[in-house]
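I have placed the structure first, in the form of structure tokens, so that the comments after it can refer back to it.
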Amino acid sequence: MALKLGAYTACLHDRTLTEALDILKENGLTSVEVNTGGFIPSPHCPVDLLLSSATAREEYLATFADRGMELTGLNCNGNPLNPLPGVGPKHADDLRRTIRLAGLLGVRHVVTMSGTPGSDPDAKYPSWVVNPWDGVYMDVLDYQWGVAVEFWKEIDALARENDVRVAIEMHPHNLVFSPVTLKRLVDAGGLTNVGAEMDPSHLMWQGMDVIASIKWLGPLVFHAAAKDATLCPGADIRGVLDTSFTRVPADAEGKVPTGYGFWCNAWPENPAWKFVAVGLGNDVPFWTEFLRALAEVDPDMAVNIEHEDAAFSQTEGLALAAKNLRGAAAAL
């Protein structure tokens, strides 16, 4: 068993890189994933500097190595297919730069999302089709898949050129949001260096079987997140495809950007589902089987905690998740 247990440092965005690494180390974690663009800033990775300076790259990697840690992933989650001029082009450029940087750093995996185009060539906003029972939505999907496949063929070639693998997080509101859609993209584009980042939380709230999904995708699972979710009583009247979110004011502190002039909305008070610390939505035995299934695909895979449980502080939630993830690994 050589799975690399670690964390994605976005939850520690207000700490310096060294402070964030020390917190991870205190929690028995050795694998690190940092943000490099897309939806959120990159406080733990000076992308421009690292792209331009070999010396800076050596010093940067030494920051991890000196603590017995490994940089296992660069995260650039965004919507590179968004037709809004202040979102899609920037996220696509961030992704290309991240792939080049990963190659220079010797980091094997870049994590991102597939993105979602507009409904047609003249669309202003992205459009996510949930259920195309009406024939008009099949026309939308035909157009969107055509756009996505061409973009991802380009990204696949760039990843191959840089000896990097791109792991797509299967996230709702993206064209790729399930194992089936992930495989469709790979097959349609003949992609060799694009696969899945197995973030189980989004599969959980959609009602999928996470272990079965890992086994079905097999070698297409490149990288993993340890992130838990649970259904809430609100699901009784909302279902899991709920749109009862509300706007966050433009002057609100701590709002999370998603593009120029856009940011995350506020959840309803009684949501259908929510993210929770690892072990609180699904018990430790489940996480043991999660790790076992990943190890069968790649015994050296990185599994990085993504802490988004609002009931805990940054460090408390991370510590709880780390404790439960290490317990799950010990049970192997």
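Predicted model, so just to flag it, every value in this text is computed and none were measured.
Between Met301 and Ala224, the shortest heavy-atom distance links the atoms SD-CB, 4.1 Å. Gly115 and Pro80 make their closest contact through CA-CD, 3.9 Å (heavy atoms, listed as atom of the first residue, atom of the second, distance). When all heavy atoms of Asn174 and Ser114 are compared, the pair lying nearest together is CB-OG, 3.5 Å. Contact between Gly281 and Thr230 at its shortest, heavy atoms only, is CA-CB, 4.1 Å. Scanning all heavy atoms of the two residues, the minimum distance from Ser178 to Met208 falls at CB-CE, 3.5 Å. Counting all heavy atoms, side chain and backbone alike, Ala159 lies closest to Val166 at CB-CG2, 3.9 Å.
Put simply, the side chain of Asp298 does not reach to within 4.5 Å of the side chain of Val221, judged on heavy atoms. Side chains of Thr192 and Arg160 form a contact here, defined as non-hydrogen atoms less than 4.5 Å apart. Annotation: side chain of Gln206 is in contact with side chain of Pro172 (closest heavy-atom distance under 4.5 Å). Using a 4.5 Å heavy-atom cutoff, the side chains of Val129 and Tyr137 are in contact. Between Thr9 and Asn35, every side-chain heavy-atom pair lies at or beyond the 4.5 Å cut-off. Counting heavy atoms from C-beta on, the side chains of Pro126 and Asn79 come closer than 4.5 Å. Val278 is not listed as a side-chain neighbour of Leu320, based on a closest heavy-atom distance of 4.5 Å or more. Here the side chains of Glu308 and Asp228 are not in contact, with every heavy-atom distance at 4.5 Å or above.
A donor atom on one side chain and an acceptor atom on the other are found under 3.5 Å apart for Thr36 and Thr98. Between the side chains of Arg108 and Thr72, no donor-acceptor pair is found at a separation under 3.5 Å. Counting only N and O atoms by type, the side chains of Gln314 and Asp14 include a donor and acceptor under 3.5 Å apart. Residues Ser31 and Asn304 bring a donor and an acceptor atom of their side chains to less than 3.5 Å of each other.
Every pair passing salt bridge (Lys or Arg N to Asp or Glu O under 4.0 Å) that includes a residue from residues 183-199 is listed here, sequence neighbours excluded: Lys183-Asp187. The stretch residues 323-332 participates, sequence neighbours left out, in no side chain to side chain donor-acceptor pair (under 3.5 Å) pair at all. Sorted by first and then second residue, the ring pair (Phe, Tyr, Trp, His ring centres under 6.0 Å) pairs with a member in residues 149-191 read Trp128-Phe177, His171-His173, His171-His202; sequence neighbours excluded. Among residues at least two apart or in separate chains, ring pair (Phe, Tyr, Trp, His ring centres under 6.0 Å) pairs with a member in residues 289-317 are Trp287-Phe290. Applying the salt bridge (Lys or Arg N to Asp or Glu O under 4.0 Å) test to every pair with at least one member in residues 45-58, sequence neighbours left out, gives these pairs: Asp48-Arg97.
Residues passing the salt bridge (charged side-chain N to carboxylate O under 4.0 Å, His left out) test with Glu154 are Arg96, sequence neighbours excluded. Checked against side-chain contact (heavy atoms from CB on, under 4.5 Å), Asp283 has the following partners two or more places apart in sequence or in another chain: Pro285, Phe286. For the side-chain contact (heavy atoms from CB on, under 4.5 Å) test, residues two or more places apart in sequence or in another chain that qualify with Thr55 are Ser53, Glu59. Residues forming a side-chain contact (heavy atoms from CB on, under 4.5 Å) with Asn265 (at least two apart in sequence, or on another chain): Phe245, Arg247. For His109, the side-chain contact (heavy atoms from CB on, under 4.5 Å) criterion is met by Arg165, Phe222, His223, not counting sequence neighbours. Under the salt bridge (charged side-chain N to carboxylate O under 4.0 Å, His left out) criterion, Asp139 pairs with no residue, sequence neighbours left out. The salt bridge (charged side-chain N to carboxylate O under 4.0 Å, His left out) test applied to Lys4 returns Glu70, not counting sequence neighbours.
With Thr288 contributing its side chain and Ala328 its backbone, the two residues share a donor-acceptor pair below 3.5 Å. Using a distance-only test at 3.5 Å, with no hydrogens or angles considered, no donor-acceptor pair links the side chain of Trp216 to the main chain of Pro179. Judged by distance alone, with hydrogens and angles left aside, the side-chain atoms of Asn27 form no donor-acceptor pair with the main-chain N or O of Ala322 at under 3.5 Å. At distances below 3.5 Å, not a single donor-acceptor pair connects side-chain atoms of Asn82 with backbone N or O atoms of Gly88. Side-chain atoms of Asp242 never come within 3.5 Å of backbone atoms of Ala272 as a donor-acceptor pair (strictly under, hydrogens ignored). Under the 3.5 Å distance criterion, the side-chain polar atoms of Asp251 are left unmatched by any main-chain donor or acceptor of Glu253. Within the 3.5 Å criterion, the main-chain N or O of Pro89 finds no donor-acceptor partner in the side chain of Asp93.
Atom OG1 of Thr246 sits about 8.5 Å away from atom CD of Glu269, to the nearest 0.5 Å. The OG1 atom of Thr30 lies 10.5 Å from the CG atom of Leu3; values are rounded to the nearest 0.5 Å. Atoms CZ and OG, on Phe275 and Ser201 in that order, are 4.5 Å from each other to the nearest 0.5 Å. Taken to the nearest 0.5 Å, the NE2 atom of His44 stands 8.0 Å off from the CD atom of Glu19. Atom CD1 of Ile155 and atom CG of Leu191 lie 10.5 Å apart (nearest 0.5 Å). Expressed to the nearest 0.5 Å, how far CG of Asp22 lies from CZ of Arg15 amounts to 11.0 Å.
In the hydrophobic cluster analysis, where Ile, Leu, Val, Met, Phe, Trp and Tyr join through side-chain heavy atoms closer than 4.5 angstrom, Val284 is grouped apart from Leu29. By the rule that hydrophobic residues join a cluster once side-chain heavy atoms approach within less than 4.5 Å of another member, Val186 and Leu141 end up as members of one cluster. Under the 4.5 Å side-chain heavy-atom criterion for Ile, Leu, Val, Met, Phe, Trp and Tyr, Val111 and Ile99 are members of distinct hydrophobic clusters. Placement of Trp273 and Val130 within a single hydrophobic cluster is found when ILVMFWY residues are connected by side-chain heavy-atom separations under 4.5 Å, directly or transitively.
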Can you list the steps and then say if Met113 with Val176 is a side-chain contact (heavy atoms from CB on, under 4.5 Å)? CA-CA 8 Å; Met113 296 175 184; Val176 171; over 6 Å; no
